[in-house]
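Note that the numbering runs from 1 along the sequence shown for the chain.
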Amino acid sequence: MADQLLFNPRTYDPAHFDPETRRLLRATVDWFEDRGKRRLIEDYRSRAWLADFLAFAAKEGLFATFLTPASAADGHQDKRWDTARIAALNEIFGFYGLDYWYAWQVTILGLGPVWQSDNETARTRAAELLSQGEVFAFGLSEKAHGADIYSTDMLLEPDGDGGFRATGSKYYIGNGNAAGLVSVFGRRTDVEGPDGYVFFAADSRHPAYHLVKNVVDSSKYVSEFRLEDYPVAAEDVLHTGRAAFDAALNTVNVGKFNLCTASIGICEHAMYEAVTHAQNRILYGRPVTAFPHVRRELTDAYVRLVGMKLFSDRAVDYFRSAGPEDRRYLLFNPMTKMKVTTEGEKVIDLMWDVIAAKGFEKDTYFAQAATEIRGLPKLEGTVHVNLALILKFMGNHLLNPAEYAPVPTRRDAADDAFLFRQGPARGLGAIRFHDWRAAYDAFAHLPNVARLREQADALCEFITTAAPDEEQSRDLDLLLAVGQLFALVVHGQLILEQAGLTSLDEDVLDELFAVLVRDYSAHAVELHGKDSATADQQRWALSAVRRPVIDTDRSARVWQRVEALAGAYEMAP
């Protein structure tokens with residue numbers, strides 16, 4: 001029987017969605033399955049542009065249906081911005097290849113400034129381009145400055161007729177070779193400071209738009225382009241001043257969430273291959289899966305992957321229920337970006353240690369999974385950037401809870417309109433959260449949940465008795481170690497919330513928390529070794545180390561679930 005926790009194309013039926021969403025998700029799976037594994041891998045190896053895939057998406061109206069908010073849908077009842085179904089499609093794209101996901105992801109980023117804009121001309125144009133099957137691009141980063149939007153060198157010179165002439169280059173811009181609309185960030189030459197920022201819409205087919213090159217060796221077209229005296233009319237301007245700055249950050253808030261479910265899809269496909277190979281591989285007269293260390297590694301990979309899915313699914317609910325008075329998603333968002341994607345790397349590494357040389361073979365999906373999984377923690381801000389962001393929420397989250405109405409599971413066919421009216425990108429330190437302890441208390445009978453709860457309580461003690469002083473607060477190396485401890489508490493919280501909503505097998509949950517207890521202890525030891533850690537902090541760190549509760553019968557039951565993945569799915573040739 002198929003594992004209900006993992007995506008399996010053979011049994012996939014997203015019955016919790018509306019009929020058109022179900023049709024489109026299933027049609028996407030069928031398109032990849034009909035294409036077959038050999039063609040999928042060959043396209044990846046040959047760096048072929050995704051023309052066939054984009055033609056399929058255009059024919060089905062896939063991007064237009066999923067990425068047009070209701071406010072721009074002209075009454076089309078199936079078009080909306082629905083984070084739940086967007087997440088489902090991310091997982092499918094990741095399952096078959098990150099190149100497909102990337103073209104979709106940078107389209108989402110390119111649309112962000114448009115859907116946040118009051119420019120009806122630009123919004124109508126974007127909706128029409130989507131309906132024609134066009135892709136979009138997000139012209140933010142630059143070669144000299146990365147995504148440092150304070151330092152943009154894309155300059156807009158007023159033309160005297162209410163418009164501008166734009167000159168400058170952008171670097172690392174996905175879909176820059178084919179985008180019907182590129183949202184470009186720049187600054188005016190006649191206005192100093194943040195009031196001079198401008199977001200405007202450009203067309204990659206315009207003569208003043210010069211495509212320089214693809215900066216990566218991949219089917220992903222990650223472009224460098226240059227504008228030379230590009231005419232920007234008034235109807236092309238999306239945002240000016242501080243609103244342009246906020247649009248950039250809020251777009252990334254929307255877009256970075258997609259990385260977690262792409263990572264999940266990659267890991268799921270790779271896991272089917274890895275477990276099947278290990279089960280069928282005979283070494284010293286026994287299947288590879290007979291060795292205790294192999295069982296541990298594959299079991300750890302499985303429960304980590306389950307944790308990734310649980311956290312991400314629950315985070316969807318907070319995204320969809322967000323509003324001006326509930327901005328909790330701004331913590332859970334960088335958590336999905338930082339924590340879930342780095343968990344994906346661990347999952348792949350654990351499986352790779354088992355299958356060894358098989359992971360390099362050119363006829364496997366695993367070979368590309370092992371490469372592509374590395375990119376996700378590094379896109380939309382590095383791990384360090386997102387971990388530093390997470391730290392802003394630590395005090396209020398752990399020590400200063402507030403009352404909120406319970407957030408339900410959100411799979412309803414609703415438009416997530418708030419994501420395009422998030423408002424100013426500031427005030428993060430003032431955001432309040434519901435009491436994290438409730439989720440842990442609900443599963444206090446599981447020994448490893450109780451043990452991680454002890455470690456979480458210890459972190460509260462650290463904040464109140466041994467927190468970094470003013471000088472240490474400038475030591476990002478030390479703070480990031482603290483951030484990893486906090487991230488584990490939040491990771492565990494949403495996993496437990498989702499486990500309660502889905503009646504997750506408690507063997508799987510306790511086995512997962514045994515892994516998280518080990519992780520917490522490892523990060524505590526890392527903090528102990530930091531150059532600037534005080535004697536009190538060092539003592540605290542060692543006192544927070546815990547050994548997980550071992551239960552060989554529980555581990556054996558979870559292993560049976562892992563072993564059952566052997567042969568459960570193989571992509572059609």
Side-chain angles (χ1 to χ4, degrees), residues 1-37 40 53 56-57 59-67 77-97 100-101 104 257-258 260-273 275-276 302 305-317 319-320 365 408-416 498-505 508 560-562 564-573:
M1 188 174 74
D3 190 309
Q4 297 302 306
L5 297 177
L6 302 187
F7 170 75
N8 185 334
R10 290 181 179 175
T11 59
Y12 183 60
D13 178 18
H16 51 287
F17 287 120
D18 63 275
E20 181 62 5
T21 298
R22 291 204 304 273
R23 185 192 73 78
L24 286 169
L25 292 173
R26 188 66 242 183
T28 303
V29 171
D30 291 343
W31 185 83
F32 282 111
E33 290 292 323
D34 291 345
R35 198 168 183 79
K37 186 174 184 179
L40 192 82
F53 164 68
F56 155 77
K59 175 177 175 291
E60 296 291 344
L62 181 62
F63 287 17
T65 302
F66 277 41
L67 300 183
Q77 63 177 1
D78 292 315
K79 290 183 178 180
R80 64 183 184 275
W81 195 283
D82 177 337
T83 304
R85 66 179 187 176
I86 286 172
L89 193 55
N90 288 329
E91 185 176 2
I92 292 169
F93 287 154
F95 190 91
Y96 290 107
Y100 305 97
W101 170 86
W104 147 269
F257 182 76
N258 300 312
C260 64
T261 34
S263 180
I264 288 164
I266 291 173
C267 291
E268 287 170 321
H269 197 157
M271 179 158 280
Y272 287 120
E273 277 195 345
V275 176
T276 300
Y302 174 78
L305 176 53
V306 170
M308 292 163 65
K309 294 201 73 168
L310 292 169
F311 185 93
S312 301
D313 284 350
R314 185 57 175 152
V316 165
D317 302 333
F319 251 73
R320 304 200 71 198
Y365 174 84
T409 299
R410 292 292 310 277
R411 300 296 181 268
D412 48 307
D415 189 67
D416 299 341
Q498 188 67 7
L501 291 167
T502 58
S503 301
L504 180 73
D505 182 337
V508 174
Q560 290 175 359
R561 297 181 67 111
V562 180
L565 297 176
Y569 169 76
E570 172 65 30
M571 190 174 180

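With rounding to the nearest 0.5 Å, the separation of CG in Asp412 from CZ in Phe17 is 10.0 Å. Expressed to the nearest 0.5 Å, how far CH2 of Trp31 lies from CD1 of Ile92 amounts to 13.0 Å. Atom CG of Asp78 sits about 9.5 Å away from atom CZ of Phe66, to the nearest 0.5 Å. One finds the CZ atom of Arg314 at 6.5 Å from the CD atom of Gln498 (value rounded to the nearest 0.5 Å).
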- Task: List the steps, then state whether side chain to side chain contact (heavy atoms under 4.5 Å, CB included) holds for Leu504 with Leu5.
- Result: CA-CA 9 Å; Leu504 180 73; Leu5 297 177; 3.8 Å; yes

- What do the steps show when you test His269 against Phe7 for ring-ring contact (aromatic ring centres under 6.0 Å, His included), and what is the final call? CA-CA 8 Å; His269 197 157; Phe7 170 75; 9.1 Å; no

- Task: For side chain to side chain contact (heavy atoms under 4.5 Å, CB included), just list the numbers for Tyr272 and Leu565, CA-CA rounded to whole Å, side-chain angles, deciding distance to a tenth of an Å, and then say yes or no.
- Result: CA-CA 6 Å; Tyr272 287 120; Leu565 297 176; 4.0 Å; yes

- Task: Take Thr502 and Leu310, measure what side chain to side chain contact (heavy atoms under 4.5 Å, CB included) needs, and give me the verdict at the end.
- Result: CA-CA 9 Å; Thr502 58; Leu310 292 169; 4.3 Å; yes

- Could you go step by step and tell me if Phe53 and Arg35 meet the side chain to side chain contact (heavy atoms under 4.5 Å, CB included) rule? CA-CA 10 Å; Phe53 164 68; Arg35 198 168 183 79; over 6 Å; no

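Between Asp18 and Arg80 there is a salt bridge, with a side-chain nitrogen of the basic residue lying less than 4.0 Å from a carboxylate oxygen of the acidic one. Asp13 and Arg26 are not joined by a salt bridge, as no carboxylate oxygen comes within less than 4.0 angstrom of a charged side-chain nitrogen.
Taking both residues in full, the closest heavy atoms of Tyr12 and Ala88 are given as OH-CB, 4.2 Å, listed atom of the first, atom of the second, then distance. Heavy atoms only, all atoms of each residue included: Thr65 and Arg85 are closest at O-NH2, 2.7 Å. For the residue pair Ala87 and Val316, the shortest heavy atom distance occurs at CB-CG2, 4.2 Å. Of all heavy-atom pairs between Tyr365 and Gly94, the closest is OH-O, 2.6 Å. For the pair Ala566 and Thr276, the tightest heavy-atom approach, listed with the atom from each and the gap, is CA-OG1, 3.5 Å. Considering every non-hydrogen atom in both Cys267 and Met308, the closest pair reads SG-CE, 4.2 Å.
Panel note: side chain Arg10, backbone Ala568; a donor-acceptor pair is recorded below 3.5 Å. Asn90 places no side-chain N or O within donor-acceptor distance of the main-chain N or O of Ala262, the cut-off being under 3.5 Å. In this structure, the side chain of Arg320 engages the main chain of Ala414 through a donor-acceptor pair within 3.5 Å. When atom types are taken as modelled, the side chain of Arg411 and the backbone of His16 share no donor-acceptor pair closer than 3.5 angstrom. Checked by atom type and distance alone, the side chain of Glu33 never pairs as donor or acceptor with a backbone atom of Pro9 at under 3.5 Å. Looking only at distances, no side-chain donor or acceptor of Lys309 sits under 3.5 Å from a matching main-chain atom of Ile264.
Taking the six-membered ring for Trp and the full ring otherwise, Phe95 and Tyr569 have centroids separated by under 6.0 Å.
Aromatic ring orientation, Phe32 versus Tyr96: parallel (interplanar angle below 30°, classes split at 30° and 60°).
Contact check for Arg410 versus Thr83: no side-chain heavy atoms found under the 4.5 Å cut-off. You'll find the side chain of Asp82 stays beyond 4.5 Å of the side chain of Thr21, heavy atoms only. Residues Ile86 and Trp104 meet the side-chain proximity criterion, which asks for heavy atoms closer than 4.5 Å. Within the 4.5 Å cutoff, side-chain heavy atoms of Tyr302 are placed close to those of Leu6.
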